[in-house]
Amino acid sequence: GAVVSQHPSRVICKSGTSVKIECRSLDFQATTMFWYRQFPKQSLMLMATSNEGSKATYEQGVEKDKFLINHASLTLSTLTVTSAHPEDSSFYICSAWTGASDTQYFGPGTRLTVL
Amino acid sequence: QQQVKQSPQSLIVQKGGISIINCAYENTAFDYFPWYQQFPGKGPALLIAIRPDVSEKKEGRFTISFNKSAKQFSLHIMDSQPGDSATYFCAAGYNFNKFYFGSGTKLNVKP
């Protein structure tokens, strides 16, 4: 099956710093990538949808200036959490859609802890 | 507004038993209904999925039942095993694109 990787798997940062999370589709080209956020014992909440070469579409309530998304190529999307605060601590998961199948393939997630 | 409602929140089943998780949706535009399995600290993995033109789909021990008129679908896990213990999410999507997830069901299969 299609493989999606995320890097880093865990990151701890100080309040006020910025953190970049990478999402890569390893064996396929992803027309669209999605970024989700998951709080402990809760469901996945879609943050934004990104298509290669165009601006990301953010869900209502998600600050686009705080969560910068770049989809520079068909295999790479990045999420940058700018000026991170403790309330941004969460599990961030990306997924990728090939455009040729029905489903999204999820990455393993990145645990962000902001001190 | 929650697009997909999932129940129960948690489920305990004996080994060999049947696990049943239910989901309901509102938006009739949804045309793709996947189920995902998630282990702690990992991303969700696709388990099985169905389209609304089919009432049932079976893959191994996993079966999706779909009731279009009631806007409900369910996951049945036959012969449940301790290794099935995980959190299960239903989802609904359309245009091969945006997914809306249910709240999740934590399944515990006791040996």
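Note that this is a predicted model, so its numbers are computed, not measured.
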Legend entry - Pairing residues for A:Glu59 by the side chain to side chain donor-acceptor pair (under 3.5 Å) criterion, not counting sequence neighbours: B:Lys98
Legend entry - Spacing of B:Thr87 atom OG1 and A:Gln38 atom CD [to the nearest 0.5 Å]: 8.0 Å
Legend entry - Least distance between heavy atoms, A:Leu44 atom then B:Phe101 atom: O-CB, 3.9 Å
Inset, instruction - Examine B:Phe99 together with A:Tyr36 and report whether their ring centres are nearer than 6.0 Å. - result: no
Legend entry - When B:Ala49, B:Gly104, B:Pro44, B:Gly43 are compared by non-hydrogen pairs under 4.5 Å with chain A, the top option: B:Pro44
Inset, instruction - Check whether any side-chain heavy atom of B:Lys42 lies under 4.5 Å from a side-chain heavy atom of A:Phe91, and answer yes or no. - result: no
Inset, instruction - Side chain from CB out, backbone as N, CA, C, O: work out which of these in B:Gln38 comes under 4.5 Å of a heavy atom of chain A, or both, or neither. - result: side chain
Legend entry - More than 12 heavy atoms of other groups within 6.0 Å of A:Arg10 CZ: no
Legend entry - Over 12 non-hydrogen atoms of neighbours within 6.0 angstrom of CD in B:Gln9: no
Legend entry - A:Lys66, NZ atom: more than 12 neighbouring heavy atoms under 6.0 Å: yes
Legend entry - Closest non-hydrogen atom pair, B:Ser103 against A:Ser43: CA-CB, 3.8 Å
Legend entry - Common cluster, A:Met33/A:Phe28, ILVMFWY with side-chain heavy-atom separation under 4.5 Å: no
Inset, instruction - Indicate if A:Val19 and A:Ile69 have the same hydrophobic cluster label, given that clusters are the connected sets of ILVMFWY residues with side-chain heavy-atom separations under 4.5 angstrom. - result: yes
Inset, instruction - Step by step, work out the side-chain contact (heavy atoms from CB on, under 4.5 Å) result for B:Tyr36 and A:Gln104. - result: CA-CA 10 Å; B:Tyr36 284 87; A:Gln104 298 176 27; 4.2 Å; yes
